[in-house]
Amino acid sequence: MERGRRPDRPPWSADDVQIALGVKHALFVATQALIDAGDEVLVAAPGWPGHAEVVTAASGIAVPVATDGEFRISAEVLDGCRTPRTRAVLLSSPGNPTGVVYPEARLREIADWAEQHGMWVISDDIYRAFDYTGTYRSILRVAPQLRGRTVVVGGVPKEHAMTGWCVGWLAAPPEIIASARLHVSRAITHVPTVNQRAALAALGDTGTPIEAAGNYRRRRPLLVEALNGIDGIDCPLPDGGMFAFPDVSTLLRDRDWSSSAELAAWLLDTAHLAVVPGEAFNAPGRICVCFAVDDDTLITALERLHTALGPTRHESAAPQLEEAR
Ligand SMILES: Cc1ncc(COP(=O)(O)O)c(C=O)c1O
């Protein structure tokens, strides 16, 4: 709630917020509260698979919405997917795995579309602390008039570099919060006290999110550069988040791998590197690589990548990481 009092955020009160067992659970209760069987929810493709899963779990239909070359959805494409059953659009900025950060103009366009057609917006703000462009805005800051039809979800562990502690929240209009409270109470009674205590302690420490964002910002170009140094890999610099999302389709073709899943399995077996195949995100020719790891792990990973997939222009990242500290 402390965060709700910041002048750059809409004022939330305790009655507007429900705590949940992580952001996935917050999304789960939000969709249970919002969606009736057969309702359609528009989700970005490529995108994080958990978004479609919570819609399906609520007996809704997740409709994939094609993103543009920068992984953004537009009002025009949303409108092309709209049917009488469309209930909501699920937005995520910064996104996983694409790293997309929606600029204000695009948020405004989507907000106008939502308002015009009476759509709900579910805004997954889990990575809001990790914007490397300085352009991140919450949709409600851009379009406060949408407050009555927007559910914002977020969480403590990603921002405070304490993943696994599972404390999320949703902020929404009273009818959604009332229903979410029932869902939480029926399923888990409450978020375990130990997790709540840990979250409270974390929220008192405003330095960690800044430090974590600084570390990721420093590691991001090194990973992207190393990936781009490998023939057949094309990796855009992510605007936010903690993932690089390179196009590996040329590499797959050149080396006769049938899929990103096959490449991911090969990297795990051969180089002991874990990446997520793009198939999981509706993007078969890509892989997702996380840079939320410590410097030593990243350096080791880049060296293994170099050995496994060279020739590459990559040189040891150690001096650059040191310099950027
Ligand atoms: C976009 C997005 N939303 C939600 C989640 C789930 O977060 P949590 O681990 O807090 O449940 C993730 C986790 O990777 C994510 O990437």
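Note that ligands are numbered from 1 as they come in the structure, with each ligand's atoms numbered from 1 the same way.
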K.L.:
What protein heavy atom is closest to atom 7 (O) of ligand 1, reported as residue, atom name and distance in Å?
P.N.:
Ile126 CD1, 3.3 Å
K.L.:
For ligand 1, which is the ligand I care about here, please tell me if Tyr127 has any N or O atom under 3.5 Å from one of the ligand's N or O atoms.
P.N.:
yes
K.L.:
Show the atoms of ligand 1 that are less than 4.0 angstrom away from any heavy atom in Asp124.
P.N.:
1 (C), 2 (C), 3 (N), 4 (C)
K.L.:
In terms of atom number and element, which parts of ligand 1 are under 4.0 angstrom from non-hydrogen atoms of Lys158?
P.N.:
9 (O), 13 (C), 14 (O)
K.L.:
First locate atom CD1 of Ile110, then atom CG of Asp79, and finally report the distance between them rounded to the nearest 0.5 Å.
P.N.:
12.0 Å
K.L.:
Report the nearest protein non-hydrogen atom to atom 11 (O) of ligand 1: residue, atom name, distance rounded to 0.1 Å.
P.N.:
Lys24 N, 2.9 Å
K.L.:
Indicate the atoms forming the closest heavy-atom contact of Cys288 with Asn96, along with that distance.
P.N.:
SG-OD1, 4.4 Å
K.L.:
Is there a nitrogen or oxygen of His25 sitting under 3.5 Å from a nitrogen or oxygen of ligand 1?
P.N.:
no
K.L.:
Between Tyr127 and Phe243, how do the two ring planes meet: parallel, tilted or perpendicular, split at 30° and 60°?
P.N.:
perpendicular
K.L.:
Could you report the tightest heavy-atom contact between Val151 and Ala30, atom names first, then the distance?
P.N.:
CG1-CB, 3.9 Å
K.L.:
If you count every heavy atom of other residues, nucleotides or ligands that lies below 6.0 Å from Arg197 atom CZ, does the total exceed 12?
P.N.:
no
K.L.:
Starting from atom 12 (C) of ligand 1, what is the nearest protein heavy atom, named by residue and atom, and what distance separates them?
P.N.:
Trp48 CZ2, 3.4 Å
